[in-house]
Structures are given as C-alpha cells and as structure tokens.
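Structure, as structure tokens:
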Amino acid sequence: MSSMTYDEAATERLEAVYRGSDVMAQRSFTLGLLDLKPGERVLDIGSGPGFLCQEIATRVGPTGKVKGIDISPVMVERSLLRNKQEWIRFEIASATALPESSDTYDAVVSTQVLEYVHDIDSACSEAFRVLKPCGRGVFLATDWESIAWFSRNPARMKLVLDAFASHCAFTTLPRFFASHLRKAGFRVERIQSFPILNTSWNEQFYSCQVIPFISAYIRGQALLSDETLNAWEDELRALGTSGDYYFLSNRVFFEARKL
C-alpha cells in the first residue's frame, strides 16, 4: 500500500508529529468538518497512532462506533494501548480492501494516507462502499511538490525534497484526487486548503518535527550522504536562530458524500 514502513523508531517520530501544535490544529479542523453526532458510526482509514479516533469517540459517545484501520501492526498496537473505550476498535487492514460490510458507516475519514496508496481508485471505491447512503467522507492529502522551505542553499534543499518524494505514491494527489472520488460515485461538495505556515523555529511546529523524520527515511534508503543531510539539518536550525526560518505546506481537504 505504502512506500513507508513503520518500526518502533519511526512510530515514535510520527507520534511526536501528531502531538505537535500544527497537527493538533489540523485534527481540530478535521473534526469540525466531520460534524459528528452522538451515536454515529465512523471509520478512520489509515488511523495511525489513533489520536483522531480517540477524539471522534468522545464526540459519538458510547452509543456510537469508531473503528480505525491501518496497514502497520505497530500503529495498531499503539492505538489499542492508547484507546480503551468499548466503542473503539482497531484492525490491521488495507485501504484497498476494507474488512467492513457495505452501507455501514455514517462517515469515513482519511488524513494524510491516500497519497501513500498506489491503487487510489480501489481506495476511493472501498470508502464509498462502506458508507451508508448520504454518508459523508472527509479526506486530506498533501501536495508535497508545493512545499516552500527557505534555504540559502536551494540546490541542496531540492536534493533533500526530491529524495524524500519517493516516500509516497502520489506527491501531488490533491491536484487530481477529486476526479477519483467522482469516479467512485462520490459527490464532491467542497475542496479547501489547510496551510501549515511556520515562520520561526519551535520544536512543536510541524516542519521542525518532520526534519528528523525526513532524514531518517532518506538515510534508511541510502539516497543521500550523511554529510548532505547533516548540513541541511544544521542550516535549518541556524535559520531558526537568525530569524530567517520559513516553511509553507499546503494540505487539501475534500468533503464528499455518497448519494
């Protein structure tokens, strides 16, 4: 399903990102779009460490049902440890073959997941299938090629971002995702950008937290030298100290409905 694999170390890095202020704001925005009601049934496709499921469960309450599916056994194990409510379940599964009955859920949500799925049409069709008639979907993906990250060495920055691009299947998924949703049968109701803008260095900011994540992936794939990556990391921290730090990432929300 994905070019990424998550061992314990990678999971720790990802959980730190999920706890950061930018992703917490994104999670709050996602919950607002879902507009959950007590008693609703919700499926999180690619639930990761389970933070979003935890907040969904609070909103739907014990009369509802929340299920998270993720392809990573480590993620599912962490989610099970974190979430003990009786109305939350987690399961190892692929977005392209959901272990769910048709017409089951009031809402499906998938954030920062579908750009990692090679068979995007199957993923959209499966999300559509498990929704009840008039059920709603909220999907979020990053346009990785639109990232603006200031560096006084733009050639090196390009090397790093180009090397990291192989971590997902579709680096520009938001540019054509709506057509795949429509092909699956969805009515796309709204598309809107969710920018993450960091103009200073803060360990709670998304861009600062993702630096070691990017470096670890590139090192693990032996795509660039340690010297190049160390110089890239050092420069970004120095820009934070000098007050010249700048990062902008555009994420895009798609709200869709099964008619």
Side-chain angles (χ1 to χ4, degrees), residues 1-4 23 25-37 40-48 51-53 55-56 59-60 65-72 91 93-147 165 167-196 249-259:
M1 173 175 140
S2 166
S3 303
M4 293 289 290
V23 178
Q26 173 189 291
R27 198 153 55 241
S28 178
F29 195 82
T30 304
L31 290 163
L33 295 182
L34 283 168
D35 190 25
L36 299 164
K37 306 294 190 298
E40 288 195 311
R41 299 163 69 90
V42 185
L43 179 67
D44 185 356
I45 301 171
S47 49
F51 291 105
L52 181 58
C53 282
E55 297 197 38
I56 290 172
R59 286 160 175 77
V60 302
K65 175 185 176 181
V66 182
K67 185 169 183 182
I69 68 103
D70 202 281
I71 201 167
S72 165
E91 186 175 346
S94 169
T96 60
L98 298 174
E100 305 296 324
S101 300
S102 300
D103 305 325
T104 297
Y105 289 93
D106 299 289
V108 298
V109 60
S110 187
T111 61
Q112 300 299 117
V113 172
L114 295 181
E115 58 260 54
Y116 298 92
V117 179
H118 291 276
D119 189 352
I120 195 70
D121 283 329
S122 291
C124 291
S125 295
E126 281 291 272
F128 184 86
R129 179 183 65 80
V130 302
L131 275 174
K132 296 176 182 178
C134 296
R136 60 203 186 276
V138 173
F139 308 93
L140 174 68
T142 292
D143 186 335
W144 289 98
E145 291 186 18
S146 73
I147 287 177
H167 84 289
C168 69
F170 298 104
T171 56
T172 61
L173 180 60
R175 303 183 193 187
F176 53 86
F177 184 52
S179 64
H180 290 274
L181 288 172
R182 295 187 187 102
K183 182 179 177 181
F186 282 103
R187 182 180 71 193
V188 178
E189 297 189 324
R190 182 164 57 169
I191 303 172
Q192 57 185 312
S193 176
F194 184 88
I196 293 180
S249 171
N250 279 305
R251 301 178 172 203
V252 183
F253 277 100
F254 295 79
E255 297 173 73
R257 191 170 296 274
K258 177 178 182 176
L259 299 180

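- Of the N and O atoms on the side chains of Thr171 and Glu145, at least one donor lies less than 3.5 Å from an acceptor on the other residue.
- Of all heavy-atom pairs between Asp70 and Gly48, the closest is OD2-N, 2.8 Å.
- Partners of Glu40 under the side-chain hydrogen bond (donor to acceptor under 3.5 Å, both in side chains) rule, at least two apart in sequence or in another chain, are Arg136.
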### Query
Which is it for Glu255 and Gln192 under the side-chain contact (heavy atoms from CB on, under 4.5 Å) test, yes or no, and what are the steps along the way?
CA-CA 9 Å; Glu255 297 173 73; Gln192 57 185 312; 3.2 Å; yes
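- Here the closest heavy-atom approach between residue Cys124 and residue Phe186 is recorded as O-CE1, 3.6 Å.
- Ser179 pairs by the side-chain hydrogen bond (donor to acceptor under 3.5 Å, both in side chains) definition with nothing, not counting sequence neighbours.
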### Task
Report the C-alpha separation of Leu33 and Arg190 in whole Å, then their side-chain angles, then the decisive distance to 0.1 Å, and conclude whether the side-chain contact (heavy atoms from CB on, under 4.5 Å) test is met.
CA-CA 10 Å; Leu33 295 182; Arg190 182 164 57 169; 3.6 Å; yes
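- For the ring-ring contact (aromatic ring centres under 6.0 Å, His included) test, residues two or more places apart in sequence or in another chain that qualify with Phe170 are Phe176.
- Between the CG atom in Asp106 and the CG atom in Leu34 there is a gap of 11.0 Å [rounded to 0.5 Å].
- The list of salt bridge (charged side-chain N to carboxylate O under 4.0 Å, His left out) pairs with a residue in residues 114-124, not counting sequence neighbours, reads Asp121-Lys183.
- With sequence neighbours left out, the salt bridge (Lys or Arg N to Asp or Glu O under 4.0 Å) criterion links Glu189 to Arg187, Arg257.
- Separation of atoms OG (Ser122) and NE2 (His180) is listed at 11.5 Å; rounding is to 0.5 Å.
- For Lys65, there are no salt bridge (Lys or Arg N to Asp or Glu O under 4.0 Å) partners, not counting sequence neighbours.
- With rounding to the nearest 0.5 angstrom, the CZ atom of Arg251 is 4.0 Å from the OG1 atom of Thr142.
- For Ser193, the side-chain hydrogen bond (donor to acceptor under 3.5 Å, both in side chains) partners two or more places apart in sequence, or in a different chain, are Asn250.
- Checked against ring-ring contact (aromatic ring centres under 6.0 Å, His included), Phe254 has the following partners two or more places apart in sequence or in another chain: Phe177.
- In this structure, OG1 on Thr30 lies 8.5 Å from CD1 on Ile56, to the nearest 0.5 angstrom.
- How far OG1 of Thr111 is from CD of Gln26: 6.0 Å, rounded to the nearest 0.5 Å.
- In this structure, Val108 and Phe128 have side chains that are not in contact, with every pair of non-hydrogen atoms separated by 4.5 Å or more.
- Remark: Arg182 pairs with no residue by the side-chain hydrogen bond (donor to acceptor under 3.5 Å, both in side chains) rule, at least two apart or across chains.
- Here the side chains of Leu43 and Leu131 are not in contact, with every heavy-atom distance at 4.5 Å or above.
- Rounded to the nearest 0.5 angstrom, Ile120 CD1 and Leu173 CG are separated by 5.0 Å.
- Across all non-hydrogen atoms, the minimal contact from Ser125 to Ala184 is N-CB, 3.8 Å.
- In terms of heavy atoms, Phe139 sits closest to Ala256 at CE1-CB, 4.3 Å.
- The side-chain contact (heavy atoms from CB on, under 4.5 Å) with Ile45 is formed by just one residue from the set Val130, Val117, Leu98; it is Leu98.
- Residues satisfying the side chain to side chain contact (heavy atoms under 4.5 Å, CB included) criterion with Asp103, sequence neighbours excluded, are Pro133, Lys258.
- The closest side-chain heavy-atom distance from Pro99 to Lys67 is below 4.5 Å.
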### Task
Evaluate the criterion side-chain contact (heavy atoms from CB on, under 4.5 Å) for residue pair Ile191 and Val252; output intermediate values, then yes/no.
CA-CA 7 Å; Ile191 303 172; Val252 183; 3.5 Å; yes
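- Taking both residues in full, the closest heavy atoms of Leu114 and Ala123 are given as CD2-CB, 3.9 Å, listed atom of the first, atom of the second, then distance.
- Remark: Thr104 pairs with Arg41, Ser101 by the side chain to side chain contact (heavy atoms under 4.5 Å, CB included) rule, at least two apart or across chains.
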### Steps toward side-chain contact (heavy atoms from CB on, under 4.5 Å) verdict (Tyr116, Ile71)
CA-CA 11 Å; Tyr116 298 92; Ile71 201 167; over 6 Å; no
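- Listed here is the closest heavy atom pair of Ser94 and Thr96: OG-OG1, 2.8 Å.
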